[in-house]
Amino acid sequence: MADALKEKILRQLIADKGREVKEATPKDIYYALASIVNEEVKQQWFRTRKYYKDEKLKEVYYLSMEFLIGRLLESNLLNYGMLDEAKTALEQMGFNPQEVFAEEHDAGLGNGGLGRLAACFLDSLASLNYPGHGFGIRYRYGLFEQRIIHGNQVELPDYWLTDPYPWESRTEEEAVVIQFHGDVHMYKRNDGTLEFEYKNTDKVMAVPYDIPVVGYENGTVNTLRLWSAESIFSNNSDRLEGNKQFYRDLAHEHSIEQISGFLYPDDSSYEGKELRLKQQYFLVSASIQNILKHFKTNNRMSLSKLAEKVVIQINDTHPSLAIPELMRILMDEEGFSWENAWQVTTKVFAYTNHTTLSEALETWPTDMIKSLLPRIFMIIDEINNRFCQGIWFDHEELRDKIPELAIIAYERVHMARLAIVGSFSVNGVAKIHTEILKKKEMKDFYTLFPDKFNNKTNGITHRRWLMQANPKLAELITDVIGPQWIKRPKQLISLLKHSSDSALLEKFNQVKHENKRELANYIKQHIGITVDERSIFDVQIKRLHEYKRQLLNVFHIIYLYNELKENPNQDMTPRTFIFGAKAAPSYHLAKEVIKLINTVASIVNYDPSVKDRLKVIFMENYNVSIAEKIIPAADISEQISTASKEASGTGNMKMMMNGALTLGTMDGANIEINDLVGDRNMFIFGLSADEVLEYYQHGGYHARDLYNTDDRIKRILDQLNQGEFGVHNIEFKDIYYNILYHNDPYFVLKDFEPYLETHELAERAYRDRMTWLNMSVTNIAYSGKFSSDQTIQEYATEIWKLKRK
Ligand code: 26V
């Protein structure tokens, strides 16, 4: 097998580069292998499309401003069923497979959990033979590249398309025109109905680039279609250089191309930037036009039956303009009445909410929508009027609440409200999150539409996050329970039978150890710090946000350091604290925390009195590929958000699946992990969501009291304030003030003591190797429930009503 592949690679090399193996670089090999995979995949891609068309299957479209797909060569090889063969072939040719895979630029077209979830969902849709595709934007710049300079985050542009991207194909024939601005003219037809015409609009071309989404060994290949913004005049050969018009066009072209220019890097607070609104409408209009065209060519059915063949999932509110866009096309282009168009529209859309943080909820100034999208504004206005009238007449008890329910209120358009009103399904992403939506955040909407609300707990693809990222563990699992878990991840539960077999546990230990060694080597190579692979690898990897409380983690590290300084001969299991986190460029406090982590690292890592018992590692430029290296090596998974704030979390699931034990609060999906493995197999601490919400509502928490009464806390805060952890005295004062003068809004001090105690428990548990390994294997055994296959199965049967291929 590997021989045949080697032969193919050789031929491809000669065809592409005119080179033989001994002259080839890893990059040459990467391209050769990618071409071979592409060739194979194309056949299946065509057949899948044809099947969906011939069988007239209902299809789901996942609309998302983010798809954090990472690298594709290795996962495509895995799903296509040729990864082992490819690795062998590469090795025999004298190449390190990981080095070849690393030639691919990690596609960072997303911020964090929300974008990675979209990518996992596509993998599961294809792997379960479901007709489902993604629609997104082909940003020329992905999420910024992070450099750490003197401890500070510095952002560099991520121009990920410098080298040709082998997985995409430009499909120009399916380009569509998107219109912005302009005037709307209204005419009365003879039958009394209205006709709308748009004049003087700015037109932009949306050109699709298609990426195949390869299912796991099943012959299904779906599509991720990413739209790129181009000028309609791009190909206009009449333009002559030196001509004034040419330069005007050029400037115009430049502003058009900005629409798909970059991914907004802020996933923590909402900012009403017009370019972002343009991006959203661009995605939505292109996708809806495309979906309708596809429906018409595949089905000879009236558009009034659209919902029989099409369902559209809106990933957070970002694509919710799809609702008025579909209304617009049905009415203005297809001649539907309002009532008929609304009937169709509200059967097609389903909306997923990913956050209850009020600062992240989108609202747009009415004036901005009115001027950028005049017709869309008219439609939103009408949806709003009808909705509010409905409340007024049919729900007297909610009349007072109209300002809080209205889609347009106080000169702003509330996107979540639009999405709820226009969709037949509204889901949260973990049980507790959905409950908070129903009981608090969206309480009145729940009263109005109880049947729309449902939960779909997030998941992760075990193919990328276990089989690909941790092949040694995957192999061991297969040795123990056979390969059925690969197609049915819930069968991982069979591991339970073996979780007390000490000889076997020793093998799990061995695998974890090897993974830790690999990560330690990587750290040595890239950061230059030696970490003890026998130390506890304590990992917190996620976007930097106050509510995720990386600060609590750092305070614990400072506490341990202070203890060691005081009592240098203290017996302590060596620990390596590993962080990976990007902060939004404008998020000052988050950047201060990054600086603090790096400052603490620079002190702790080089202090001889610590005697290597503590190491702090900040992994620069955390992204999907770096996650793949860290997760298999984690012992402890830090999931320590302020309870009620983390909608679900998905890193918690990835680390659980790789045998790490969760140390966390009862928040998001941690609660569902706890439902399965129990308190015995994870480390839970801190305020509950109810307690947090109670404090927010009725007060009663005084951070300063803790500062005054707990010497450990006082010491740490004073160290920050007095410049002990910085070159200049001003550093970290903002963190100090935020805690003491803004009353510690995320309860870092309140949860500090229970956090320390829980860490002590974890440290003791770690010393008892067999108990720890038993806990670890128990976690792996229960993690099948968090495969995104399970989640997608639930979406498909409960919301989308899809049939499999
Ligand atoms: C908001 C914004 C605001 C405008 C600028 C760009 C932007 C980009 C993303 C967001 C949404 C943030 C919401 C989010 O990422 N939620 C996360 O979703 C994960 C998947 O459901 C979930 O596991 C995390 O708990 C949740 O924080």
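Keep in mind that what you see is a predicted model, and the values were worked out from it rather than measured. The first residue in the sequence is number 1, and the count goes up from there. Ligands are counted one by one from 1 in listed order, and the atoms in each one are counted from 1 as well.
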Open item on the list: Against the six-membered ring of Tyr209, is Arg138 placed for a cation-pi contact (under 6.0 Å from the centre, within 45° of the normal)?
Closed with: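 Yes; both conditions hold, so Arg138 lies above the ring face of Tyr209.
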Open item on the list: Ring of Phe424, cation from Lys452 - is the NZ or CZ under 6.0 Å from the centre and inside 45° of the axis?
Closed with: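 Here Lys452 fails the 6.0 Å and 45° test against Phe424.
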Open item on the list: Could you check whether atom NE2 of His254 has more than 12 heavy atoms from other residues, nucleotides or ligands sitting under 6.0 Å from it?
Closed with: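 Incorrect, the count does not exceed 12.
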TODO: Answer yes or no: are there more than 12 heavy-atom neighbours, outside Lys438 itself, under 6.0 Å from its atom NZ?
DONE: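 Yes, because the 6.0 Å sphere around NZ of Lys438 holds more than 12 heavy atoms from other groups.
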Task: Residues in salt bridge (charged side-chain N to carboxylate O under 4.0 Å, His left out) contact with Arg463, at least two apart in sequence or another chain - done: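 Salt bridge (charged side-chain N to carboxylate O under 4.0 Å, His left out) list for Arg463, sorted by chain: Asp123, Asp789.
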Which pairs of nitrogen or oxygen atoms, taken one from ligand 1 and one from the protein, are under 3.5 angstrom apart?
from	atom 1	to	atom 2	distance (Å)
ligand 1	16 (N)	His354	O	3.0
ligand 1	21 (O)	His354	ND1	2.6
ligand 1	21 (O)	Asn458	OD1	2.8
ligand 1	23 (O)	Asn458	OD1	3.4
ligand 1	23 (O)	Gly649	N	2.9
ligand 1	25 (O)	Glu646	OE1	2.6
ligand 1	25 (O)	Ala647	N	3.4
ligand 1	25 (O)	Ser648	N	3.0
ligand 1	25 (O)	Gly649	N	3.0
ligand 1	27 (O)	Tyr547	OH	3.2
ligand 1	27 (O)	Glu646	OE1	3.1

Task: Beyond-backbone contact of Glu628 with Trp465, side-chain heavy atoms, under 4.5 angstrom - done: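 In short, these two side chains touch, coming nearer than 4.5 Å.
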